[in-house]
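In what follows, a single structure is set out as structure tokens and then discussed.
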Amino acid sequence: MFSSELRSRKREINSDNMSQIHFKLAGTAARLRQMSKRMKCFFLCLLFVSIFIYGNIFWYLMSGNHLTTDSYLETDKCPACYGHSMCRTLYDNRVKMTGWSTMRFFDMVNRKNVHYAHHAGGKRNIVLKKLGHDKELVDWDERICREAGRTAPCDVTRMVYRTNTAREISKIDLQPRHLKGLSFMFMCPTYRLIDYALKRYKEVVKPDLVLFRDKVQFVATAMMNSEPLLLQTFPASEGWPFPEYYGACGRFIAVSDEGRPLQEFYNSPFEKRADLAYQILKMADLLTTHHQDFVLYWTDLSYENLAVDSAGKVRIIDAEHIIVVDKKSISKVRPKGWDDLLESTFDDCGGKNCLNFNVDGLCSHTHSDHNYYAACRNLLSKFADESAQGMPGGLLHDMPKYARNDFDLEYLLNECTRPSSSQKRLHVKDDIINALDEIRNLKMEKDPKSGERES
Ligand SMILES: Nc1ncnc2c1ncn2[C@@H]1O[C@H](COP(=O)(O)OP(=O)(O)O)[C@@H](O)[C@H]1O
Ligand SMILES: [Mg+2]
């Protein structure tokens, strides 16, 4: 009797509590419904910001420096990775993420997988890149599985040795056809290019010795993104306009932080933009003529793929889409028209900004004006229209009168993009370089309204 009374009393208390909760929830819901749209948005934003901040604090406190963990770096996937030359430095906690990158939460929105960090040893700011979006990295794994005859997901660490290419490398060594078309750097590979690249390849297990394992890793890297191979083969230390390559660890590479992307300079004073344009054209020259055997060609030239450092120097920060052509091999093989100048033909792409290129042509000619075409077409002239991104008219937009009249700059840029006669582009690019050099050095006062120089 006593226990059944107790049970019914408990039930009453429980149902009282439940009805109170129901009542309170209903009250809150009613109050929410009565709120204006603006207030609702405000509370929603507040909720997201709180989750974001607390989530980050929690994650940050729980995870420490994730650059010291193999699971984050994905070193367990090697040699289906970029290498390991940087691992010691990372494990020793000498590299720390900075800014947003310290927050693991941020990885969810960091689609490009680019992180900013500070290298205590080198006392430099560096950029850590995975060289692809998450989906592209998954595709990389799947491709390795497929080429090894396995269904994905598979153990890429083992399967990368079982692809047809890896089997052939073990038997007959690495050949141009194993790399052909895997990435832009190897659109037209030759033995000379492979030897040259392997000689400079830092990601080898034993210094000065390229083992079978290293070649498998080299090919796996080319399959995903040839940027680290290009940065090692044509290093900044030898005058190439790229970031310095510090090394790799698992599926990250570390390069020097080259500053702010070019688009941030779109509204800079004209003389500053003239200086940047000058450097871009000089870069086109350098890619074309710096090496006696190899030419490098731009195929993806855009504001976001160039950066300007604190000293005002421009560099190419995205080297994934650069084609390397072996001039010496071409002059030996002598395909038809090999020593004629290959002139890039203008394509207006329906009024959009685009860069057309002829891979077969570039791979079979020792001379081409393509890099100058790329610079004028995609960045400098009025055809480099990025209206969708709020950047119409090219980097040299709103040209002052003196530049147009005294230096003929607008005409020269149009001729560089769409030459009116054969071989003209090669002539006008020098005129543009000279004009820009003078303009960037102009220190005299200008009339801000007319843009004309004071006499
Ligand atoms: N070395 C670098 N220095 C400074 N910023 C960089 C560097 N590398 C990449 N970034 C930044 O990351 C962005 C994306 O890098 P990028 O290599 O171009 O990747 P994606 O191939 O996805 O375009 C760049 O637009 C730039 O803002
Ligand atoms: Mg890019």
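Numbering starts at 1 and runs along the sequence shown. Note that this is a predicted model, so its numbers are computed, not measured.
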Should [X] and [Y] count as an ion pair when the cut-off is N to O under 4.0 Å?
X: Arg404; Y: Asp408; result: no
X: Lys328; Y: Asp326; result: no
X: Lys199; Y: Asp195; result: no
X: Glu74; Y: Lys130; result: yes
X: Asp257; Y: Arg124; result: no
X: Glu304; Y: Lys112; result: yes
X: Glu238; Y: Arg200; result: yes
X: Asp173; Y: Lys215; result: yes
X: Arg177; Y: Glu168; result: yes
X: Asp348; Y: Arg418; result: no
X: Asp293; Y: Lys327; result: no

When you compare the side chain of [Y] with that of [X], does any pair of heavy atoms fall below 4.5 Å?
X: Pro235; Y: Phe242; answer: no
X: Leu182; Y: Val219; answer: yes
X: Lys129; Y: Asn113; answer: no
X: Pro261; Y: Leu306; answer: no
X: Cys87; Y: Thr75; answer: yes
X: Tyr116; Y: Trp100; answer: no
X: Ile322; Y: Tyr297; answer: no
X: Met86; Y: His119; answer: yes

If you measure from [atom1] on [X] to [atom2] on [Y], what distance do you get to the nearest 0.5 Å?
X: Lys382; Y: Asn414; atom1: NZ; atom2: CG; result: 4.0 Å
X: Ser85; Y: Ile253; atom1: OG; atom2: CD1; result: 10.0 Å
X: Tyr373; Y: Phe346; atom1: OH; atom2: CZ; result: 6.0 Å
X: Ile280; Y: Arg273; atom1: CD1; atom2: CZ; result: 11.5 Å
X: Asp139; Y: His133; atom1: CG; atom2: NE2; result: 11.5 Å
X: Cys78; Y: Arg213; atom1: SG; atom2: CZ; result: 6.0 Å

Requested in this report: Just grab all the ring-ring contact (aromatic ring centres under 6.0 Å, His included) pairs involving residues 68-95, residues at least two apart or on different chains.
Outcome: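 Only His66-Tyr72, Tyr72-Phe252, Tyr82-Trp140 qualify under ring-ring contact (aromatic ring centres under 6.0 Å, His included).
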Report task. Using the ring-ring contact (aromatic ring centres under 6.0 Å, His included) rule, collect all pairs that involve residues 303-338, keeping only residues at least two apart or in two chains. Result ->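 Checked against ring-ring contact (aromatic ring centres under 6.0 Å, His included) - neighbours excluded - the pairs reaching residues 303-338 are Phe184-His321.
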Query raised in the report: Looking at Asp70, Asp141, Thr157, which hits side chain to side chain donor-acceptor pair (under 3.5 Å) with Lys77?
Result: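 Testing Lys77 for a side chain to side chain donor-acceptor pair (under 3.5 Å) against Asp70, Asp141, Thr157 leaves exactly one candidate, Asp141.
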Report task. Take Arg111 and Asp134 through the salt bridge (Lys or Arg N to Asp or Glu O under 4.0 Å) test and state the conclusion after the steps. Result -> CA-CA 7 Å; Arg111 280 187 58 248; Asp134 289 346; over 6 Å; no
Report task. Step by step, work out the side-chain contact (heavy atoms from CB on, under 4.5 Å) result for Glu244 and Ser237. Result -> CA-CA 7 Å; Glu244 205 173 315; Ser237 57; over 6 Å; no
Tell me whether the centres of the aromatic rings in [X] and [Y] are closer together than 6.0 Å.
X: Tyr201; Y: Phe218; value: yes
X: Trp240; Y: His290; value: yes
X: His397; Y: Tyr266; value: yes

Report task. Please report the C-alpha distance between Ser420 and Glu415 in whole Å, then the side-chain angles of each, then the deciding distance to 0.1 Å, and finally whether the side chain to side chain donor-acceptor pair (under 3.5 Å) criterion is met. Result -> CA-CA 6 Å; Ser420 53; Glu415 282 292 309; 2.8 Å; yes
Minimum heavy-atom distance [X]-[Y], with the two atoms named:
X: Ala117; Y: Thr98; answer: N-OG1, 3.6 Å
X: Phe270; Y: Asp398; answer: CD1-O, 4.4 Å
X: Asn353; Y: Phe383; answer: OD1-O, 4.1 Å
X: Ala375; Y: Leu281; answer: CB-CD2, 3.9 Å
X: Asp385; Y: Pro392; answer: OD1-CA, 3.3 Å
X: Gln263; Y: Met391; answer: CB-SD, 3.6 Å

Query raised in the report: Would a distance-only check, ignoring hydrogens and angles, find a side-chain to backbone donor-acceptor pair under 3.5 Å from Glu264 to Arg260?
Result: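 No; zero donor-acceptor contacts below 3.5 Å.
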Query raised in the report: With distance as the sole test, does Gln217 use its side chain to make a donor-acceptor pair with the main-chain N or O of Glu203 at under 3.5 Å?
Result: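 Present.
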Going by distance alone, is a donor N or O of one side chain under 3.5 Å from an acceptor N or O of the other, for [X] and [Y]?
X: Gln423; Y: Ser421; answer: no
X: Thr366; Y: Ser331; answer: no
X: Thr288; Y: Asn371; answer: yes

Requested in this report: With side-chain contact (heavy atoms from CB on, under 4.5 Å) as the test, would you mind laying out the steps for Asp318 and Glu227 before giving the verdict?
Outcome: CA-CA 7 Å; Asp318 186 348; Glu227 179 167 308; 3.4 Å; yes
Requested in this report: Taking atom CZ of Phe42 as the centre, report whether more than 12 heavy atoms of other residues, nucleotides or ligands fall under 6.0 Å from it.
Outcome: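 Result for CZ/Phe42: open.
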Requested in this report: Inspect the surroundings of NZ in Lys272 and state if more than 12 heavy atoms from other residues, nucleotides or ligands are less than 6.0 Å away.
Outcome: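 Yes.
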Query raised in the report: Step by step, would you call Ser344 with His370 a side chain to side chain donor-acceptor pair (under 3.5 Å)?
Result: CA-CA 5 Å; Ser344 291; His370 179 73; 3.0 Å; yes
Requested in this report: Measure from NZ or CZ of Arg440 to the centre of the six-membered ring of Tyr278 and say whether it is under 6.0 Å with the direction within 45° of the ring axis.
Outcome: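 Yes, a cation-pi geometry holds between Arg440 and Tyr278.
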Query - Criterion salt bridge (Lys or Arg N to Asp or Glu O under 4.0 Å) on Glu142 and Arg146, from CA distance to verdict - result: CA-CA 6 Å; Glu142 286 178 357; Arg146 216 173 32 247; 5.1 Å; no
Query raised in the report: Would Thr221 and Met224 count as a side-chain contact (heavy atoms from CB on, under 4.5 Å) if you check the C-alpha gap in whole Å, the side-chain angles of each, and the deciding distance to 0.1 Å?
Result: CA-CA 5 Å; Thr221 303; Met224 174 60 206; over 6 Å; no
